[in-house]
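Okay, so here's the structure we're looking at.
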Amino acid sequence: MIDDLWYKNSVIYSLDVDTFMDANGDGIGDFEGLVRQLDYLHSIGIDAIWLAPFQPTPNRDNGYDISDHYGVDPRHGSSGDFVEFMHQANKRGIKVIIDLVVNHTSDQHPWFREARKGKDARFHDWYVWSKKRPENWNEGMVFPGVQEATWTYDKAAKEYYFHRFFEHQPDLNTHNPEVRTEIRRIMGYWLQLGVAGFRVDAVPFIIETPGENQEKEMRFDFLYEFRRFLQWRQGDAVLLGEANVLPAETIPFFGEHDNGIHMMFNFYVNQYLFYALATGDVSPLTEALQATREIPLTAQWAHFLRNHDELDLGRLTDAQRQKVFECFAPEARMQLYDRGIRRRLATMLDGKRPRIELAYSLMFALPGTPVMRYGDEIGMGDNLDLPERDAVRTPMQWSDAPQAGFSDRPDTVHPVIDRGEFSYKTVNVAAQRRDGDSLLNWTARMIRLRKECPEIGYGAWAILETGNRHVLAMRYDWLGNSLVILHNFDNEPHEVEIEPGVPNSDKLFNLIQEDTSHVGGDGRHRLKLKPYGYLWYRVGGLTHLLHRQRE
Ligand code: MG
């Protein structure tokens with residue numbers, strides 16, 4: 001039964017229709033273009049696509065300001081194009097998860113336009129209002145330095161409205177049962193069109209008590225209500241939550257009885273992962289993994305390196321954050337919102353292949369489900385001339401043709417990267433497809449390897465003692481199979497001794513290099529790691545998994 005939980009052994013690929021492929025030559029990515037590239041996604045082996053918002057929008061926050069939850073923005077195509085995309089994705093066995101953006105709407109949404117007409121208006125109570133300016137009018141901003149307040153006066157309504165995000169994104173009042181009914185209707189609509197689940201945007205803000213209260217109570221029952229509805233409608237659909245909360249606060253989001261969101265991004269581990277990459281010291285990462293260890297049986301962490309936002313380092317201490325800034329974002333323009341970095345993975349790692357491989361190998365080896373970011377598989381860079389988070393939202397680099405093969409039109413939605421080391425002229429899919437040793441082909445091999453290691457997604461795990469602060473060694477156990485995976489975060493080689501401590505661990509079978517399987521007669525192994533090296537072993541040589549296939 002338990003291996004029906006498809007999300008536990010999947011590789012998820014996140015992309016924005018906007019910047020992936022433009023088929024109709026208007027400079028903006030569209031569903032027709034995305035359909036053309038489905039065979040590419042299928043060939044690298046991903047299981048599911050997470051689509052950023054594509055609904056009608058004034059597009060003042062990368063589509064996270066929706067003005068109609070039941071449609072497709074005409075720039076990306078029609079609802080018919082979406083259904084055709086769903087058909088083509090499912091035909092290739094690719095599941096589709098879409099963003100569920102219901103903390104707020106665009107101020108151009110018909111609900112808000114109606115709500116502004118006054119307190120007796122039809123949708124007035126769908127938003128959060130205050131007659132006088134709340135004392136905390138400039139607290140709790142999501143975009144410090146850019147955003148000016150969380151309460152803004154509306155002249156038409158003659159009241160202040162609440163907005164966690166930009167002032168053009170009024171918060172929906174989820175305490176109004178009508179709003180929650182509408183959210184379920186939105187979920188039901190897209191489920192009916194075939195999506196496999198939702199990446200739920202800004203989860204804590206959806207369920208917090210609105211208004212002036214300083215002590216914000218979380219209404220987890222709202223989440224459980226959405227989960228019940230989801231599962232009634234479609235048994236294997238999932239919720240993947242964006243909730244950057246402390247480890248001690250996570251369990252109610254998952255729900256103690258398999259009744260909350262199935263998956264959450266592990267923002268906590270992500271930040272210590274970058275600290276380890278910056279300093280070579282794995283101890284804080286080990287502690288972060290331990291701190292997020294205990295989750296309910298069917299729950300799952302989603303692990304990622306970079307996403308469409310800034311790399312948020314808000315959970316690190318000031319000293320730790322400064323170290324990561326020094327290493328990966330030494331210039332002020334590389335930093336954002338006093339807490340993060342607006343660069344891609346490859347540029348932070350200076351395009352150095354061993355470090356990129358280390359980072360990705362680690363992401364695939366973290367206990368949970370890996371979520372990749374489009375373009376990272378070829379080592380795409382960023383454009384710091386673009387404002388804020390747009391730096392990491394440049395068009396996919398398909399070839400060395402004009403506009404990177406993304407579009408026929410020169411003025412694309414965001415400019416393509418056409419200068420320097422990360423220019424599309426050198427970094428592109430077409431060139432890497434032809435090169436057996438390219439990052440693209442390496443990534444495809446790692447995805448295949450990850451999917452052959454269900455121990456990581458389904459199993460239990462332990463940190464193995466190495467006595468070396470630069471080397472992280474982990475063991476994973478599931479159905480009598482075990483893996484041992486090691487990562488060296490240092491730019492020097494290291495030799496460590498480990499003891500897997502499970503039956504048959506006198507022999508380790510190397511899953512990446514053919515000729516370096518290891519025999520340790522007493523169950524202990526001395527292993528050599530190159531600078532930024534990684535080793536993947538299955539314990540005991542031949543595996544039960546392989547035996548099962550033979551029978
Ligand atoms: Mg287009």
Side-chain angles (χ1 to χ4, degrees), residues 13-44 46 49-92 94 96-99 101 106 108 190 193-195 199 308 373-378 380 382-383 385-387 389-418 423-425 427-430:
Y13 186 98
S14 70
L15 67 90
D16 191 336
V17 179
D18 234 16
T19 50
F20 203 60
M21 184 72 197
D22 171 29
N24 67 352
D26 65 352
I28 302 166
D30 40 51
F31 277 106
E32 200 187 329
L34 176 53
V35 167
R36 285 189 197 169
Q37 300 300 354
L38 280 173
D39 286 321
Y40 165 78
L41 295 176
H42 185 244
S43 75
I44 61 174
I46 58 118
I49 297 171
W50 154 31
L51 280 187
F54 52 80
Q55 291 86 351
T57 172
N59 205 22
R60 297 178 66 191
D61 182 18
N62 201 40
Y64 283 87
D65 48 333
I66 291 176
S67 56
D68 174 9
H69 287 81
Y70 297 103
V72 171
D73 193 287
R75 295 173 312 130
H76 302 316
S78 65
S79 294
D81 292 327
F82 177 81
V83 168
E84 179 63 16
F85 156 70
M86 288 303 306
H87 171 72
Q88 294 293 343
N90 290 341
K91 202 167 83 176
R92 290 164 177 81
I94 297 175
V96 177
I97 292 171
I98 67 168
D99 244 276
V101 187
S106 162
Q108 299 306 306
W190 294 106
L193 293 182
V195 305
R199 178 267 187 188
H308 60 295
R373 170 82 172 142
Y374 83 91
D376 279 358
E377 73 272 28
I378 54 170
M380 260 173 65
D382 44 59
N383 181 353
D385 292 337
L386 299 180
R389 296 165 294 164
D390 286 351
V392 297
R393 297 168 177 172
T394 60
M396 180 68 177
Q397 296 174 189
W398 294 106
S399 72
D400 62 1
Q403 289 81 247
F406 162 74
S407 174
D408 291 337
R409 183 165 154 163
D411 55 334
T412 47
V413 57
H414 295 303
V416 295
I417 294 174
D418 58 1
S423 160
Y424 70 85
K425 290 160 195 161
V427 177
N428 65 67
V429 171

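Counting from 1, the numbers follow the sequence of the chain as shown. Below, each value reflects all heavy atoms present in this structure, side chains not excepted, and no hydrogens, waters or symmetry copies. Worth saying up front: this structure is predicted, and the values here are computed from it rather than measured. Read the numbers this way: they start at 1 and go in the same order the structure lists the ligands and their atoms.
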Residue list, side chain to side chain donor-acceptor pair (under 3.5 Å) with Arg409, at least two apart or on another chain
Asp411

With side chains defined as the heavy atoms from C-beta onward, is the minimum distance between Val195 and Leu51 less than 4.5 Å?
no

Side chain to side chain donor-acceptor pair (under 3.5 Å) partners of Asp39, counting only residues at least two apart
Arg92

Derivation of the ring-ring contact (aromatic ring centres under 6.0 Å, His included) call for Tyr424 and Phe406:
CA-CA 10 Å; Tyr424 70 85; Phe406 162 74; over 10 Å; no

Excluding waters, which are neither shown nor counted, protein N/O/S atoms under 2.8 Å from the Mg ion (ligand 1) come to 5

Sub-4.5 Å side-chain heavy-atom contact between His414 and Leu386:
yes

Restricting to side chain to side chain donor-acceptor pair (under 3.5 Å), what partner residues turn up for Thr19, sequence neighbours left out?
Tyr374

